[in-house]
Amino acid sequence: MCSEMGSRYTGLLLLALAIAAIIANLLLYFPSGQVLEPAKITDLVWFFHGFLGAGLLVMVPALMLLRGGGEDCCGHRCGMLFPVLLAIQGTVGAVYCVVISSLGLLSGPLCDTGSGNYTYPFRNYSLENSYLLNQPTWATCQEPEYIVLWNVVLFSILLGIGVVEAVLCLSQVVSGLCDIFCGTCVRKGQVTITGL
């Protein structure tokens, strides 16, 4: 975590991914670009997995990494523990986003199948005959128009963002723990090994 350039690049990437996750989650509230009443929006959207999980919980460690570790990063091991804890927080948020996005993809959207009532027509499907791989079944949802494609694309984007964020945050956890326990630090091309 003391490698300033690596931390800054990782922080910049995490910040961009967090902003993208917030935007993708926001778009899920407007199925096919329409403004609907809250009862007609897919329930898993209300878990705020893009806002909270892949967004805010990852943004905090991203901003810390953009700081570059600070001046005393290598001098004090207690000072190195805080970024590790923030990276763990980011990992938890990203994994939360992955779990909710996966559930959103598996269960499908809330839509009107033509009866006038909004239901989840794909919730009882098994993995073997999933609606995801059977695009003709998407016509089951008549309102809002293109809702299945809308949900599949946005939940897939959030799933991908969550996976990348989890890997980046976890790498920062491992890096930080190595710095704390092994006493290594890379700063401006200089390697220092200190004893425990």
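Nothing fancy with the numbering, it's 1 onward along the sequence.
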By the definition side-chain contact (heavy atoms from CB on, under 4.5 Å), identify the one residue from L66, I19, L168 that meets it with L14.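 Output: one option passes, namely L168.
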| task | Among residues two or more places apart or on two chains, list those pairs meeting salt bridge (Lys or Arg N to Asp or Glu O under 4.0 Å) that have a residue in residues 38-57. | result |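 Qualifying pairs: D43-R123.
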Original post:
L105 versus S156: any side-chain heavy-atom pair under 4.5 Å?
Top reply: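 With C-beta onward as the side chain, the pair touches.
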If you look at every heavy atom in [X] and [Y], which pair is closest and at what distance?
X: A18; Y: G55; result: CB-O, 3.5 Å
X: L28; Y: W150; result: CA-NE1, 4.1 Å
X: L158; Y: A21; result: CD2-O, 3.5 Å
X: T42; Y: G108; result: CG2-O, 4.0 Å
X: V58; Y: G90; result: CG2-O, 3.5 Å
X: F51; Y: N25; result: N-OD1, 3.0 Å

[X]-[Y] co-clustered via ILVMFWY side chain contacts under 4.5 Å:
X: V174; Y: F82; value: no
X: W46; Y: L27; value: yes
X: I161; Y: F48; value: yes
X: F30; Y: I41; value: yes
X: V153; Y: F122; value: yes

In Å, rounded to the nearest 0.5 Å, how long is the span from [atom1] of [X] to [atom2] of [Y]?
X: S101; Y: I157; atom1: OG; atom2: CD1; value: 10.5 Å
X: L15; Y: T10; atom1: CG; atom2: OG1; value: 12.5 Å
X: T140; Y: I147; atom1: OG1; atom2: CD1; value: 13.5 Å
X: H49; Y: L44; atom1: NE2; atom2: CG; value: 7.5 Å
X: L57; Y: T91; atom1: CG; atom2: OG1; value: 10.5 Å
X: L154; Y: L159; atom1: CG; atom2: CG; value: 12.5 Å

* To do: Begin from the C-alpha positions of S130 and L106 and carry the test side-chain contact (heavy atoms from CB on, under 4.5 Å) through to its verdict.
  => CA-CA 8 Å; S130 173; L106 290 174; 5.5 Å; no
> Would you say F47 has more than 12 foreign heavy atoms packed within less than 6.0 Å of its CZ?
Replying inline: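 12 or below, so no.
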**Item:** side chain to side chain donor-acceptor pair (under 3.5 Å) against Y29, all qualifying residues, sequence neighbours excluded
**Value:**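 For Y29, no residue satisfies side chain to side chain donor-acceptor pair (under 3.5 Å) once neighbours in sequence are set aside.
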Next on the checklist: I'd like to know if the side chain of S175 reaches the main chain of S171, judged simply by a donor and an acceptor atom lying under 3.5 Å from each other, with no hydrogens or angles considered.
Outcome noted: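 Here the side-chain-to-backbone pair does not exist.
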Can I get a per-line list of side-chain donor-acceptor pairs under 3.5 Å for residues 110-118, giving both atom names and the distance, sequence neighbours left out?
{"residue": "D112", "atom": "OD1", "partner": "G114", "partner atom": "N", "Å": "2.9"}
{"residue": "D112", "atom": "OD1", "partner": "S115", "partner atom": "N", "Å": "3.3"}
{"residue": "D112", "atom": "OD1", "partner": "G116", "partner atom": "N", "Å": "2.9"}
{"residue": "S115", "atom": "OG", "partner": "N117", "partner atom": "N", "Å": "3.4"}

